[in-house]
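Letters A, B, ... mirror the listed sequences (proteins, then strands); counts begin at 1.
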Amino acid sequence: MGVSEAPGWIVLGRTGRGAAVILLDANAEEFGRDEVERGPLTSWISDAEVRWAPRWVWHDTPQWYAALLADGVRVARCHDLRLCHAILRESALVSETAAVRRSREWDAAPHVDAEAAAPTLFELDAVGRPSGPPPDADAALAEFARQRDAIADCAAPGRLRLLTAAESAGALVAAEMRAAGLPWDAEAHDRILVETLGERRPGGAQPAKLAASAERVRAALGDPTASLDSQPKLLRSLHRAGVLVDSTSRWELAEQRHPVIEPLLEYKKLSRLLSANGWTWLAEWVADGRFRPVFVPGGVVTGRWASSGGGALQLPRQLREAVRADPGWRLVVADVAQLEPRVLAAMSGDTALAAAARGRDLYAGIVDSGAVATRQEAKIAILGAMYGATTGESGRLVPRLRRAYPRAMALVDDAARTGEDGGIVSTWLGRTSPAPSPEWSAAQSRATEAEASGADETRARRWARDRGRFTRNFVVQGTAAEWALAWLADLRGRLAALPAVPAERAAPRSGPAFARRPHLAFFLHDEVIVHTPEEHADAAAQAVTDAAATAAHLLFGGFPLDFRLDVRIAETALKD
DNA sequence: CTCCCTTGCGCG
DNA sequence: AAAGCGCGCAAGGGAG
């Protein structure tokens with residue numbers, strides 16, 4: 001390593017033999033280059049991490065970090081060029097003329113294939129996408145310079161610095177959670193399936209309770225051969241039995257009064273469990289006591305994460321009991337109470353809404369303020385305000401919020417108006433919504449022409465309102481995602497600082513990087529699950545709470561609002 | 001057979 | 001068929 005100066009940043013790029021390494025000082029000025037062969041690369045990175053704790057600059061986190069984690073090497077900080085490019089090229093804070101907007105080769109889709117996260121360095125080219133970002137160091141260095149310039153010259157450098165750092169930290173967390181996995185008790189899962197559906201039957205036959213449920217439906221329909229799994233056929237059977245519904249969805253069926261309804265709703269519930277999270281899912285997704293989904297940071301336009309494979313973000317509450325800590329370990333399960341309305345209060349500076357939220361259930365606070373009568377009304381009204389409800393009970397309640405919390409409502413109303421007019425909106429830290437599609441714009445201009453038909457106008461108005469609801473929600477959902485990223489990033493650092501346990505206390509199935517340490521195991525928009533040795537469970541829970549306070553301060557400074565958490569330490573993730 | 005779309009439902 | 005946002009996935013069914 002023999003460099004005299006400590007690098008603040010290290011740019012990594014692929015070469016035929018291994019990796020090119022470019023050392024930058026704290027001001028990102030280059031002062032050295034090296035080439036490291038594939039064999040010693042992991043230990044070189046590990047040594048550099050210990051010695052300098054640099055920020056690693058690379059083209060795509062999973063393609064570098066998965067292999068490091070497989071060898072037990074973690075890094076504290078990185079700059080993910082692909083993710084940060086996606087933010088900066090769209091951000092309204094960035095100058096229209098910034099070079100980062102023109103580096104089109106970095107406009108690459110997220111890597112969602114499991115191969116991209118495979119734990120081998122450089123073995124991926126054969127299966128990699130041709131459209132991926134450039135993997136070489138000079139391209140990375142050039143893009144890094146463009147990104148730094150874009151941030152330095154933008155309207156609010158501090159915000160984009162925070163956002164790009166948080167997004168990059170999220171990329172590390174996503175890779176780490178995949179490596180560690182969510183502790184999953186396959187026997188408990190099987191027990192739930194057997195209790196609910198009946199014993200598994202060979203050859204794909206329906207388990208007994210599901211089959212019995214199907215028979216009850218057919219009996220009530222008076223049709224012994226009715227097909228229940230094909231929507232068109234089921235709809236026809238229902239019509240023949242006199243149940244005149246327009247769809248077979250649960251909510252519409254629930255409004256009907258007919259002997260078939262109760263067993264049919266039960267059948268649909270059981271059938272869903274079997275097809276989505278039955279034994280096939282268990283065999284495919286749970287190995288060695290862990291569920292290892294692919295998390296996709298930045299996979300949603302608003303900045304929320306998506307997932308790929310295994311339905312990681314849709315795990316039914318029914319199965320939470322199967323999420324079970326290893327022996328001698330615990331889960332810290334924490335979720336934020338009413339994250340989005342709290343974020344709305346903070347970003348709009350609405351001190352009345354903040355006061356309603358402070359130190360208590362936000363919906364109870366709204367009731368106490370007299371705006372609405374019940375907690376349920378408060379919840380419906382708030383959701384309606386953030387989603388743009390116009391009709392029904394929700395639409396009826398929203399005007400009351402507009403009177404009680406004018407600043408908060410003005411923020412979402414303005415976002416909706418901007419979207420309806422074809423404009424773009426941004427989150428608190430500067431993630432910006434996509435521009436309207438060409439089809440959308442064409443429909444709007446067509447509707448203003450003299451020869452426009454009534455249908456043209458109706459469609460244009462409907463599309464405008466649709467887009468208004470999207471931008472209305474974008475600013476809140478996206479800022480909540482930023483808060484959650486900051487929470488996650490700070491929590492990750494706090495957990496890494498907790499002491500390791502002795503080898504005999506290890507949970508080896510979490511992999512070499514995490515077997516002896518508290519680690520993040522799951523993240524879902526406003527909830528985290530930490531897997532921790534029991535002796536550190538209290539400290540891990542405290543870290544979760546402290547990280548929330550840090551996130552609030554990072555985003556909103558001293559604005560008087562707390563983000564309340566429900567934190568519990570348990571053996572399973574079961575919710576009460 | 002593959003591809004693509006729709007439906008319905010799980011999550012926040 | 002949700003009224004009211006954002007997703008992913010399984011299954012059916014039609015087109016080729």
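- Look at CG on A/L383: it is 13 Å from C1' on C/dG6, rounded to the nearest Å.
- Checking C/dG6, B/dG10, C/dG12 against every side-chain atom of A/Q314, the shortest atom distance belongs to B/dG10.
- At a threshold of 4.0 Å, the pair A/R82-A/D60 counts as salt-bridged, since one of the basic side-chain nitrogens sits closer than that to a carboxylate oxygen.
- Side-chain proximity of A/A389 to C/dG4, B/dG10, C/dA11: nearest is C/dG4.
- No N or O donor and acceptor, one from the side chain of A/R250 and one from the base of B/dG8, sit under 3.5 Å apart.
- Crowding of A/K209 atom NZ: a count of heavy atoms from other residues, nucleotides or ligands under 6.0 Å exceeding 12.
- Heavy atoms of A/G388 sit under 4.0 angstrom from primed sugar atoms or phosphate atoms, though from no base atom.
- Among the atoms of the strands shown, only primed sugar atoms or phosphate atoms (P, OP1, OP2) are found under 4.0 Å from some heavy atom of A/S249.
- Contact check on A/R407 versus A/D350 returns no salt bridge, with no Lys/Arg side-chain nitrogen under 4.0 Å from an Asp/Glu carboxylate oxygen.
- For the atom pair A/T427 OG1 and A/R159 CZ, the distance stands at 9.0 Å (nearest 0.5 Å).
- An aromatic stack links A/W251 and the base of C/dA2, using centre distance under 5.5 Å and interplanar angle under 30°.
- The A/L524 side chain lies nearest to B/dG12 when the options are C/dC5, B/dC9, B/dG12.
- Heavy atoms of A/A306 sit under 4.0 angstrom from primed sugar atoms or phosphate atoms, though from no base atom.
- In the set C/dG8, C/dG6, C/dG4, the nucleotide with an atom closest to the side chain of A/V300 is C/dG6.
- Not one side-chain nitrogen or oxygen of A/R465 sits closer than 4.0 Å to the OP1 or OP2 atom of C/dG4.
- On the C1' atoms, B/dT7 is 12 Å away from C/dA1, given to the nearest whole Å.
- Ion pairing between a basic and an acidic side chain is recognised when a charged N comes within 4.0 Å of a carboxylate O; A/E176 and A/R492 show such pairing.
- Annotation: B/dG12 and C/dG4 have their P atoms spaced 22 Å apart (nearest Å).
- Side-chain proximity of A/R304 to the nucleotides B/dG8, C/dC7, B/dG12 is greatest for B/dG12.
- Within the model, atoms NE2 of A/H525 and OG1 of A/T302 stand 8.5 Å from one another, a figure rounded to the nearest 0.5 Å.
- Ring planes of A/F470 and A/F474: perpendicular class, angle over 60° (limits at 30 and 60°).
- Of the candidates C/dA10, C/dG12, B/dG12, C/dA10 carries the atom nearest the A/S275 side chain, counting heavy atoms from C-beta on.
- As judged by a 4.0 angstrom heavy-atom cut-off over every strand, A/V301 is placed among residues touching the sugar-phosphate backbone only.
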- Message: Show, in sequence, the C-alpha distance, side-chain angles and deciding distance for A/D413 and A/R402, and conclude whether the salt bridge (Lys or Arg N to Asp or Glu O under 4.0 Å) test is met.
- Response: CA-CA 10 Å; A/D413 289 344; A/R402 206 165 268 120; 2.8 Å; yes
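- In DNA chain C, the stems built from three or more successive Watson-Crick or G-U pairs (distances below 3.5 Å) are B:1-12 with C:5-16.
- Residue-level contact check: A/L339 touches neither bases nor backbone, having no heavy atom under 4.0 Å from any strand.
- Taking only side-chain nitrogens and oxygens, A/T390 comes nearer than 4.0 Å to OP1 or OP2 of C/dG4.
- Taking the six-membered ring for Trp and the full ring otherwise, A/W281 and A/F291 have centroids separated by under 6.0 Å.
- Among the nucleotides C/dG13, B/dG12, B/dG8, the one closest to any side-chain atom of A/Q231 is B/dG8.
- Note on A/G311: only backbone sugar-phosphate atoms sit closer than 4.0 angstrom, heavy atoms only; bases stay farther off.
- Donor-acceptor pairing under 3.5 Å, judged by distance alone, is present between the side chain of A/R272 and the base of B/dC9.
- Closest approach to the A/K233 side chain among B/dC11, C/dA1, C/dG13 is made by C/dG13 (side chain taken as heavy atoms from C-beta onward).
- Among the heavy atoms of the strands, none lies under 4.0 Å from A/R472.
- A/Q477 comes within 4.0 angstrom of a base, heavy atoms only.
- Checking the phosphate oxygens (OP1, OP2) of B/dG8, a side-chain nitrogen or oxygen of A/T248 falls inside 4.0 Å.
- Among the nucleotides B/dG10, C/dA1, C/dG4, the one closest to any side-chain atom of A/D246 is C/dA1.
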